[in-house]
Amino acid sequence: MDTVVSDLLCIGAGLAGERVAVEAAAAGFSTICLSIVPPRRSHSSAAQGGMQASLGNSCMGEGDCPDVHFEDTVKGSDWGCDQEVARLFVERAPEAVREMAFWGIPWNRVVAGKSTYFKGGKQYEKVEAPEKEGLITARDFGGTAKWRTCYTSDGTGHTLLYTMDNKVVELGVTVHDRMEAISLIHDGENCMGAVARCLKTGKLRVYLARATLIATGGYGRIYRETTNAVINDGGGAIIALDTGIVPLGNPEAIQFHPTGIVPTNILVTEGCRGDGGTLLDVNEERFMPEYEPAKAELASRDVVSRWMTHHIRRGLGVPSHYGDHLWLDIRHLGAAHIKTKLREVEEICNNFLGIDPVTQLIPVRPAQHYTMAGIRTNKDGAAYGLKGLFAAGEAACWDLHGFNRLGGNSLAETVVAGKIVGEKVVEYLKGHEARFDTGVVRDRVRRDQERIDRLIGCKDGKEDTFKVRSAMQDELMERVGIFRNGKDLQQAVDNLQEILQRARRVGLRSSGLGANPELTLALKIEGMVKLALCTAYGALQRTESRGCHAREDFQARNDRDWLNRTLATWKEGANLPALEYEPASPSMPLPPGDRGYGASKIITCDGEIIDRG
Amino acid sequence: MGRHLTFEIFRFNPEDKDSVPHMETFHLEETERMTLFIALTRIREEQDPSLQFDFCCRAGICGSCAMMINGRPGLACKTLTRELPSEITLLPLPVFKLIGDLSVDTGTWYRAMNEKVESWIHTHRSFDPRAEEQRMDNALAEEIYELERCVECGCCVASCGTANMREDFLGASALNRIARFMMDPRDERSSKEYFEVVGTDEGIFGCMGLLACEDVCPKNLPLQDQLGILRRKMGWQAVKHLFRMG
Ligand SMILES: Cc1cc2nc3c(=O)[nH]c(=O)nc-3n(C[C@H](O)[C@H](O)[C@H](O)COP(=O)(O)OP(=O)(O)OC[C@H]3O[C@@H](n4cnc5c(N)ncnc54)[C@H](O)[C@@H]3O)c2cc1C
């Protein structure tokens, strides 16, 4: 068997994977990154908004510091995050931004003097201080007390990823792109690397490593509608879950975005609504004021998404070939405003919809956006359950975000966690030798080859892998979406269990030769349905509302019973995950309280009921 | 409601010994706001699950899906079918190694390019985690960003007369990358060092000035200007010593 050995194997070459790789390579360890696509095409490149760090250079960020960032993050998470992790993160974020500047990011800088900005549909003025001229500036992003989001125009993720990959090239880190990990090699205690399938030739290869990192990003593609890239289908989470030992943290914690365009779900910024854009239904009438008289379209992400879904279910959506949707109307903002302040939106409309938002309506609907769920690690990034296995970035549940990620905190997480976990991986490599058990390796490869042969030979059946995927995606979209209730969740769990059986009967229609895309999906489909079941089942069990997990039948946040984190593992041959729970945070320097937004009913740790409704 | 679309798609799977390069026809009813991403995904899922092509972000950001669309390189995700005639011919990008059907290996090519132009900040300083960042004029940051917007999709390379003839030509995206670093005060490389990378026929002097690169760039990068500036700077670098002697 074609075998490659290194000190560190990074499965994933997005921002998080590459940041860890850089740390290990700089310390002199041989490092290999695997990626489905050339590293610069990883989904990190799609982040446009920016990354949070409390530099406090802009006048709108005056007085900002790690403490304020900490408070925003913990509140944002609805007290679901690990507060030790949040503390570590906020302390190191400013340094991480500066380090990226040192490596070449053209961050936008403070320009002294007057300028204007929009908020809540109104225009305001600000004056930047002359002594801050030329320092890294920041913009506003939801859920923060200060302007804290550092950015490069409309391409922050792009510049971050290009700069990081430049560093990878400079350090001579090996990257094998189009190489997809399909299983982890382990003996129940130690992780020894992974088996990967080459997406150029279809051949299998063994990667053995003293330490293995999973940094495969989010897995929004288990939902039908998602802003995530096509490749975000959960490969990393699947191979971890398949070990039967490594748990996923909070699989029910999934974030949605209200305005993905139809049909491609490309995200259009919330700035549209912030600047005064409205949402219209099939009759071209506004509906948000009816549901949220005070805030209307300016209510929070989740609330807007909820009412949009509700309104569509009432039959007031606009029918289309791609299902029902609503309209986003920014026509009244005028050509001048749209062409300057909302230029990206105009471009997306022109390029991907062929419409002119100055005169036409934009078709939108809510879409899955961020996976807080992920491979559960400790604060060093070491995965629970297997020695030598680490995880970082959106793939991990480190757990910075708890039940709701703040915009701008995820890009920051990739580079900050990447740095911290990278340091810990280096420590681990200095202190540990590995033993590679050839029997374990051979057995793993044999099982993967057998899986491939069975799929190609239709040994288990002829279920169409694309149809199984659609069935799963529809189920999650319809019943495990933004607003959840016991009846629907139970139905989803039942249906997904049937879909899981179908997934086990998948057989290929095509030859499966070479980089065959049908085989690529077929190898993952059972794992994807398992991820879907973890989400649905975790959501069914959690009888409270917290952050993005909103139960119509349990509307209060229940700190008495649910101030904890779900841990889901999947035992071999099981049809449902095994769920356990651990305290949300080892300590609570910021005790649970009111977020000041979102759900307002709280059952406190002492069982007292507070309702600010 | 929609038109009837006919796709002529290049097929070849090098890993299948029975496969020979050929064109294959697929039919699809056009739907509203259809892009080539929607169309190709449907063809794969409904008609031929072995069809190879590359989409990732499907939002014009990652540069994965460049292909020859009716004879012209472009990003498939950013191409609306309604802007095309009802007969659509799709071929893989030339210059790059074919993986199968519409999929080509841009990853290896661009990694080599980045190594060749040493696409990173060259500095003798080391990072001080406690120090304030080096200041920069916002206008300059934006200028650098303007050139940094390249997504390495390969459209410029595929459209380039020189790159199609000689394998070692760096191409517009590499020259643009050099221009980006030359503009950056954090990079301490001298003109002479840049000259060693690009002052050759593989570099700036290989450009025949046909400038199709700028026409096809999906990011509308000002490639023509950058090539011109670089050519003048490097031309001067090549002859500078003559003047000094005199
Ligand atoms: C549209 C959009 C906009 C966003 N905007 C912002 C923003 O403004 N600010 C912010 O903070 N966050 C934003 N986010 C979130 C943020 O971009 C991501 O959370 C972050 O970039 C994830 O980085 P990552 O390194 O963890 O994963 P990714 O960048 O997704 O990288 C994953 C890597 O893993 C590889 N991979 C996957 N599976 C396998 C496998 N099985 N084998 C081998 N390799 C594999 C991939 O090829 C890739 O290299 C946005 C997200 C979206 C979808």
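Letters go in sequence order (proteins before strands), and every chain restarts at 1.
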**Report entry** Test side-chain hydrogen bond (donor to acceptor under 3.5 Å, both in side chains) applied to B:R149 and A:T152, step by step
**Finding:** CA-CA 10 Å; B:R149 291 186 305 113; A:T152 52; over 6 Å; no
Report task. Please assess A:R41 against B:E152 for the test salt bridge (Lys or Arg N to Asp or Glu O under 4.0 Å), listing each intermediate value before the final yes or no. Result -> CA-CA 9 Å; A:R41 313 209 189 291; B:E152 300 188 351; 5.7 Å; no
**Report entry** Expected output: side-chain A:N166 to main-chain B:S119 donor-acceptor under 3.5 Å
**Finding:** yes
**Report entry** Point-to-point distance, once rounded to the nearest 0.5 Å, from OG1 of B:T35 to CZ of A:F352
**Finding:** 8.0 Å
**Report entry** Proximal component of A:D177, with respect to chain B [non-hydrogen, under 4.5 Å]
**Finding:** side chain
Query raised in the report: Quick one: does A:H158's side chain have a donor or acceptor within less than 3.5 Å of a partner on B:E148's backbone?
Result: yes
**Report entry** Proximity breakdown for A:E347 and chain B, heavy-atom pairs closer than 4.5 Å
**Finding:** neither
**Report entry** Pair A:R178-B:S103, side-chain donor/acceptor within less than 3.5 Å
**Finding:** yes
Requested in this report: Enumerate the residue pairs fulfilling salt bridge (Lys or Arg N to Asp or Glu O under 4.0 Å) with a member in residues 117-132 of chain B, sequence neighbours excluded, ordered by first and then second residue.
Outcome: B:E132-B:R135
Report task. Spell out, as yes or no, whether a donor-acceptor pair under 3.5 Å connects the side chain of B:R33 to the backbone of A:V262. Result -> yes
Query raised in the report: Does any heavy atom of chain A fall under 4.5 Å from the side chain of B:V104, the backbone, both, or neither of them?
Result: backbone
Query raised in the report: Non-hydrogen atoms of chain B under 4.5 Å away: do they reach the side chain of A:P363, the backbone, both or neither?
Result: side chain
Report task. Specify the closest pair of heavy atoms between B:I61 and A:A46, including all atoms of both residues, with the distance to one decimal. Result -> CG2-CA, 3.9 Å
Query raised in the report: Between A:R109 and B:D137, is the closest basic N to carboxylate O distance under 4.0 Å?
Result: no
**Report entry** Region of B:F53 in contact with chain A, defined by heavy-atom distances below 4.5 Å
**Finding:** neither
Query - Lys/Arg-Asp/Glu bridge criterion (N-O < 4.0 Å) met for A:K467, B:E45 - result: no
Query raised in the report: Does the side chain of B:E133 come within less than 4.5 Å of A:W107's, by heavy atoms?
Result: no
**Report entry** Nearest-0.5 Å distance that lies between atom OG1 in B:T79 and atom CG in A:N351
**Finding:** 9.0 Å
Requested in this report: State whether the side chain of B:R186 and the backbone N or O of A:A101 hold a donor-acceptor pair below 3.5 Å, judged by distance alone.
Outcome: yes
Query raised in the report: Under 4.0 Å between a Lys/Arg side-chain N and an Asp/Glu carboxylate O for B:R44 and A:E518?
Result: no
Query raised in the report: Which bit of B:D184 comes within less than 4.5 Å of chain A, counting heavy atoms only: side chain, backbone, both or neither?
Result: side chain
Query raised in the report: Can a donor-acceptor pair be found between the side chains of A:N516 and B:S50 at a distance below 3.5 Å?
Result: no
Query raised in the report: With a 4.5 Å heavy-atom cut-off, do B:V151 and A:Y162 have their side chains touching?
Result: yes
Query raised in the report: With a 3.5 Å cut-off and no angle check, do the side chains of A:T159 and B:Y145 form a donor-acceptor pair?
Result: no
**Report entry** Heavy-atom closest pair, residues A:L353 and B:R82
**Finding:** O-NH1, 4.3 Å
**Report entry** A:R469 versus chain B, the contacting section by heavy-atom distance below 4.5 Å
**Finding:** side chain
**Report entry** Proximal component of A:S44, with respect to chain B [non-hydrogen, under 4.5 Å]
**Finding:** neither
**Report entry** Gap separating the NZ atom of B:K78 from the OG1 atom of A:T264, nearest 0.5 angstrom
**Finding:** 13.0 Å
**Report entry** Closest non-hydrogen atom pair, B:R58 against A:N265
**Finding:** NH2-O, 3.6 Å
Requested in this report: Go through the atoms of A:D233 and report whether side chain, backbone, both or neither lie under 4.5 Å from a heavy atom of chain B.
Outcome: neither
Requested in this report: Please round to the nearest 0.5 Å and tell me the distance separating atom CG of B:N13 and atom OG of A:S511.
Outcome: 6.5 Å
